[in-house]
K.L.:
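Sharing a structure, written as structure tokens. Questions coming.
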Protein chains: 2
Amino acid sequence: MERDLRQRLLTVAEDLFARRGYTETRVREITSRAGCNLAAVNYHFGGKRNLYLAVIEERWVPRALRIREEFVRNLHRSPSGPEGVVEALFRAFFQSPFTERESWRHRRLLAQELAQPTEALEIMLSRGLRPLLETIRESLRDRLPPRVSERRLRLTVFSLLGQTLYFHLARPMIQNFLGEPPPEDELLRHVKNFALYGLKGLTG
Amino acid sequence: MERDLRQRLLTVAEDLFARRGYTETRVREITSRAGCNLAAVNYHFGGKRNLYLAVIEERWVPRALRIREEFVRNLHRSPSGPEGVVEALFRAFFQSPFTERESWRHRRLLAQELAQPTEALEIMLSRGLRPLLETIRESLRDRLPPRVSERRLRLTVFSLLGQTLYFHLARPMIQNFLGEPPPEDELLRHVKNFALYGLKGLTG
DNA sequence: AGAGCTACCAAACAATTGTTTGAAACGCAA
DNA sequence: TTGCGTTTCAAACAATTGTTTGGTAGCTCT
């Protein structure tokens, strides 16, 4: 655990916000887990809401940018053609360079903002996700015939992203439907495959 | 508006729960919009939580079952082959037989439970969604070669469902990425197409 | 008409929860 | 050591919010 209380608060807060959502997270629980006084949140961040926004800005956004870097790195090692983009994207999201729990928090915070948008979503999108989406778009553009329109290209990009997100959101549903929690990698393979073929719809 | 106060409360409550989420919805707002006293919720339902569960049981689940009926009906008019299943599913979700706002509420309530599961999700899944998923599975089974394993079949079913859900969740993202709200039908066509080709991944 | 039941209401209640306050502890330069 | 700014703390505060209470109006059945 970090020495600096401010950093410790950010860490604990992100975990709780991701698990329970903003309104269901109590300031008292954050501070008690961080081993400090209730007033610390107001001293360091000026309120619960600002703490939440700080988590987004100082933890979520940098991580989103790192995912993009990882995607670019993966792109060089991936097979050529549009399939390589899907491969690189999934690797960036699910294998590199974070712990399982960290990337779980990452997707979950986004999912919650999508289900119930607040001002935080605007920050996530414009500062974190947009750079990634633009990068994916450019790399897809390079690997697809020029006749594919810019618009369909953009729509496809967010469909690919959606596959990585849905994979996480649907978990409770899958479990109910299959009767057991499916192996992580089987699920991953299936969703990636689905995305791969969905992508083929672009080129016909 | 319904004469019966109990029904009126269910209607107003579902709208607010869908818009703001459970914890952000105030009992006072529900009752004032329903034009009745604060205590009415406790009188008719025995508490806020029970009102929420009643919305799920008496509004959401029946609608989910009606969507399934509509899917079955559409299936007869749809083209043969697995593509017809996608066609029938999307028509059941987006064209029939509800108003735009009603099906918006429907998807949104589900999305919120997926982002932050509670006991209500269990009800939605086992009583409302599971029947639909099983029906889709059977109709796909009839239209696919027998060599496709039961497991991949099931995974594909929830991927198709995911496409109809994501279509709704991603709206704020798409808007940010495209710079403008895209026409509903263009979006619908794209997502359906993506699902169609994803489905092709099953047969190779 | 009168008893009794259901539906509804205004007001009070109690618990939770984010925020503020004023002081104590700490670190460090003069 | 003394003084001062920063950090942390215990306690009180104030607002929100779900729930309860006790009573009233309206209806039905006898």
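In what follows, chains carry the letters A, B, and so on, assigned in the order in which the sequence lines appear, proteins first and then strands, with residues in each chain numbered from 1. Computation of the quantities below employed the complete heavy-atom set of this structure, encompassing side-chain atoms and omitting hydrogens, waters and symmetry-equivalent molecules.
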K.L.:
Could you walk me through whether T118(A) and R49(A) pass side chain to side chain donor-acceptor pair (under 3.5 Å), step by step?
P.N.:
CA-CA 11 Å; T118(A) 73; R49(A) 188 71 205 170; 3.1 Å; yes
K.L.:
If you define the side chain from C-beta out and look only at heavy atoms, does anything of L51(A) sit under 4.5 Å from V27(A)?
P.N.:
no
K.L.:
Angle between ring planes, H106(B) versus W60(B), binned at 30° and 60°: parallel, tilted or perpendicular?
P.N.:
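Ring orientation, 0 to 90° scale: parallel.
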K.L.:
Between Y166(B) and L169(A), is any pair of side-chain heavy atoms under 4.5 Å apart?
P.N.:
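Side-chain contact under 4.5 Å: no.
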K.L.:
I need the CG-P distance between N50(A) and dT19(C), as an integer number of Å.
P.N.:
9 Å
K.L.:
The criterion is salt bridge (Lys or Arg N to Asp or Glu O under 4.0 Å); which residues satisfy it with R101(A), sequence neighbours excluded?
P.N.:
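Applying salt bridge (Lys or Arg N to Asp or Glu O under 4.0 Å) to R101(A) gives D15(A).
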K.L.:
The side chain of L5(A) lies closest to which of these nucleotides: dC9(C), dT8(D), dC9(D)?
P.N.:
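Taking heavy atoms from C-beta onward, the closest nucleotide is dT8(D).
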K.L.:
Taking the side chain as every heavy atom from C-beta outward, state whether R108(B) and E14(B) have any atom pair closer than 4.5 Å.
P.N.:
no
K.L.:
Among residues 40-49 of chain B, which residues get a heavy atom nearer than 4.0 Å to DNA chain D?
P.N.:
N42(B), G47(B), K48(B)
K.L.:
Taking the six-membered ring for Trp, are Y52(B) and Y22(B) closer than 6.0 Å centroid to centroid?
P.N.:
yes
K.L.:
Nearest whole Å is fine: how far is dA11(C) P from N37(B) CG?
P.N.:
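Atom CG in N37(B) sits about 10 Å away from atom P in dA11(C).
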K.L.:
Assign L38(B) to base, sugar-phosphate, or nothing according to its heavy-atom contacts below 4.0 angstrom with the strands shown.
P.N.:
base
K.L.:
Restricting to non-hydrogen atoms, name the atom on R130(A) and the atom on F177(B) that form the minimum distance, rounded to 0.1 Å.
P.N.:
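Smallest heavy-atom distance, with atoms named: NH2-O, 3.9 Å.
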K.L.:
For DNA chain D, which residues in residues 14-30 of chain B have a heavy atom at a distance below 4.0 Å?
P.N.:
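Those residues whose heavy atoms fall under 4.0 Å from DNA chain D, taken from residues 14-30 of chain B in numerical order, are T25(B), R26(B), V27(B), R28(B).
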K.L.:
Starting at CZ of R6(A) and ending at P of dT8(D), how long is that distance when rounded to a whole Å?
P.N.:
12 Å
